[in-house]
Each structure stands twice: as structure tokens, then as C-alpha cells.
Amino acid sequence: MMSLHTKIAHADTVHDLLELPYDQRERCRQRARLASGEEVALFLVRGAVLRDGDLLTGEDGRVVRVVAAPEPTYLVRCANPTLLARCAFHLGNRHTQTQVGAGWLRIRVDPVLKDMVVGLGAHVEEEHAKFEPEAGAYAGGHGHHDHRGLLAPVPLRQKIHRPADA
């Protein structure tokens with residue numbers, strides 16, 4: 001079975017695709033199936049989140065592109081930017097993973113949250129879409145930077161030992 005454990009910045013050739021919904025792109029250890037049908041094992045750094053378009057490789061050198069699978073979501077739109085900001089504030093206050101776009105928010109399907117934003121005055125549509133929530137203030141950006149081959153960013157103040165540092 002192919003093992004994927006290293007994120008790379010670019011590749012001349014992509015050998016296969018790995019389509020996963022967001023909840024599976026948050027898991028660091030799992031089995032999955034490539035678009036070709038081949039089963040693979042993911043062994044990622046704890047806390048790693050795979051994003052649409054990320055490239056992974058393993059011992060055999062093959063490269064696999066991560067594809068965000070469409071999944072059930074709510075698209076939240078508001079009549080004005082102030083109302084959209086209020087909805088974003090209340091979703092964030094509940095630690096809800098939220099994707100932010102130009103004039104809209106996207107969240108996972110949750111009837112309680114839907115009722116909350118509708119109560120604030122938002123319009124909510126059910127949709128089947130790729131879900132790419134914000135990484136968070138301390139997550140090191142959008143996740144497309146190379147941190148010496150690490151899949152999870154390491155805070156600058158945290159000293160860790162790497163064999164290459166010796």
C-alpha cells in the first residue's frame with residue numbers, strides 16, 4: 001500500500017488525485033482511496049490540515065494532488081456588510097469553522113447555526129460545495145507555505161530539535 005507523508009510545494013508530474021471532504025482532510029492518520037482506486041495510507045504530522053491543491057508524496061516518489069470533495073454546506077449571504085460581519089462574529093463566537101468569501105460565508109450543515117444566522121437577518125442556501133474554512137489566527141496562514149517539509153507549522157517561539165539542525 002502506498003504511504004503519503006510529505007507535503008511538497010510543486011511537482012512536474014502528478015500521478016493521482018486524492019479527493020476528500022474537509023473532515024477527512026483534518027485527520028493525520030487514515031486510509032483513503034485515490035481516484036485510480038488504489039488504497040493509500042496517510043501519515044501526517046498531528047494537526048496537519050490538507051487544502052485543495054496540496055501535493056503529497058511518499059517513499060516511492062509518486063505525487064498525489066489533494067482535491068477538496070464537494071459536501072453539504074450552507075451558503076450565508078446578507079443584505080449588507082455590517083450584517084455579514086455580525087453573522088461572522090456570532091459564528092466565530094461559537095468556534096464554528098467558517099469559509100469566508102467576497103460577500104458570503106460558508107459553514108457545514110447545522111440547523112441550529114442556520115436558525116441563528118437567519119434570526120440575525122441572513123439568507124441561507126443549502127449547497128453541495130468544496131469547504132475550505134479559515135485556518136485560524138495561529139495556524140500559520142493558509143497552509144501553502146513550506147515549513148522545512150513539515151505539514152504542521154511550528155510557532156517561532158517553540159524550539160524543537162530537528163536532526164538536520166545538529
Side-chain angles (χ1 to χ4, degrees), residues 1-77 88 91-92 95-111 113-114 124-156 158 160-166:
M1 176 186 320
M2 180 179 179
S3 172
L4 298 172
H5 54 71
T6 304
K7 189 163 120 178
I8 58 176
H10 63 278
D12 293 331
T13 304
V14 173
H15 300 92
D16 215 329
L17 302 175
L18 176 62
E19 186 175 26
L20 299 170
Y22 187 73
D23 65 335
Q24 290 181 346
R25 288 183 285 129
E26 289 182 299
R27 291 157 128 189
C28 58
R29 303 279 189 270
Q30 65 178 306
R31 285 187 176 189
R33 197 163 295 281
L34 299 175
S36 65
E38 180 180 358
E39 190 173 38
V40 295
L42 292 175
F43 293 103
L44 309 176
V45 175
R46 186 177 304 275
V49 176
L50 296 173
R51 297 292 181 169
D52 189 51
D54 281 350
L55 299 173
L56 299 173
T57 191
E59 286 85 19
D60 70 0
R62 288 186 289 166
V63 176
V64 173
R65 182 181 313 278
V66 175
V67 176
E71 56 190 288
T73 61
Y74 288 144
L75 183 67
V76 179
R77 294 189 187 274
L91 290 167
H95 301 279
T96 302
Q97 291 176 320
T98 304
Q99 183 175 351
V100 179
W104 54 265
L105 305 170
R106 181 174 289 130
I107 60 174
R108 288 181 171 145
V109 171
D110 183 324
L113 294 175
K114 177 183 177 183
V124 178
E125 300 172 32
E126 290 186 33
E127 64 176 1
H128 210 70
K130 293 181 177 190
F131 185 56
E132 287 285 351
E134 288 293 307
Y138 302 105
H142 191 64
H144 292 289
H145 306 301
D146 181 29
H147 296 278
R148 295 186 188 180
L150 296 174
L151 284 171
V154 176
L156 293 176
Q158 181 180 347
I160 65 171
H161 171 73
R162 294 180 185 95
D165 293 343

Listed by chain and number, what are the side chain to side chain donor-acceptor pair (under 3.5 Å) partners of Arg27, not counting sequence neighbours?
-> Gln30
Mind checking what makes side chain to side chain contact (heavy atoms under 4.5 Å, CB included) contact with Ala32, not counting sequence neighbours?
-> Leu18, Leu20, Val40
By side chain to side chain contact (heavy atoms under 4.5 Å, CB included) - contacts of His128 (at least two apart) = Pro70, Pro72
When every non-hydrogen atom of Lys130 is compared with those of Gln99, the smallest separation belongs to O-OE1, 3.4 Å
Non-hydrogen atoms of Leu55 and Ala11 that approach each other most closely | CD1-N, 3.7 Å
Passing option when Arg33 is tested against Glu19, Glu38, Glu39 for side-chain contact (heavy atoms from CB on, under 4.5 Å) | Glu39
Partner set under salt bridge (charged side-chain N to carboxylate O under 4.0 Å, His left out) for Lys114, not counting sequence neighbours = none
Identify the heavy atoms of Val64 and Leu17 that sit nearest to each other, and give their distance.
-> CG1-C, 4.0 Å
Residues pairing under salt bridge (Lys or Arg N to Asp or Glu O under 4.0 Å) where one sits in residues 98-107, two or more places apart or in two chains, turn out to be Arg106-Glu127
Looking only at heavy atoms, the pair that brings Asp54 and Arg51 closest together is OD2-N, 2.8 Å
Using side-chain hydrogen bond (donor to acceptor under 3.5 Å, both in side chains) as the criterion, point out the one residue from Glu26, Glu134, Glu132 that pairs with Gln97.
-> Glu26
For Ser3, check side chain to side chain contact (heavy atoms under 4.5 Å, CB included) against everything at least two apart and list the hits.
-> His5, Phe43, Glu59
Have a look at Val63 and tell me which of Asp12, Ile8, Leu4 forms a side-chain contact (heavy atoms from CB on, under 4.5 Å) with it.
-> Ile8
Tightest non-hydrogen contact, residues Ala69 and Pro21, listed as CB-N, 3.7 Å
Are the side chain of Arg29 and the backbone N or O of Leu44 linked by a donor-acceptor pair below 3.5 Å?
-> yes
Can you list the residues that meet the side chain to side chain donor-acceptor pair (under 3.5 Å) rule with Gln24, with sequence neighbours excluded?
-> none
I would like to know whether Thr98 and Val76 meet side chain to side chain contact (heavy atoms under 4.5 Å, CB included); could you show each step before the answer?
-> CA-CA 10 Å; Thr98 304; Val76 179; over 6 Å; no
Only one of Leu105, Leu91, Asp110 forms a side-chain contact (heavy atoms from CB on, under 4.5 Å) with Thr96, so which one is it?
-> Leu91
Enumerate the residue pairs fulfilling ring pair (Phe, Tyr, Trp, His ring centres under 6.0 Å) with a member in residues 13-33, sequence neighbours excluded, ordered by first and then second residue.
-> Tyr22-Phe131
For Asp60, the side chain to side chain contact (heavy atoms under 4.5 Å, CB included) test, sequence neighbours excluded, returns Met2, Arg62
Residue pairs fulfilling ring pair (Phe, Tyr, Trp, His ring centres under 6.0 Å) with at least one residue in residues 44-75, sequence neighbours excluded = none
Residues forming a side chain to side chain donor-acceptor pair (under 3.5 Å) with Asp16, sequence neighbours excluded | Ser36
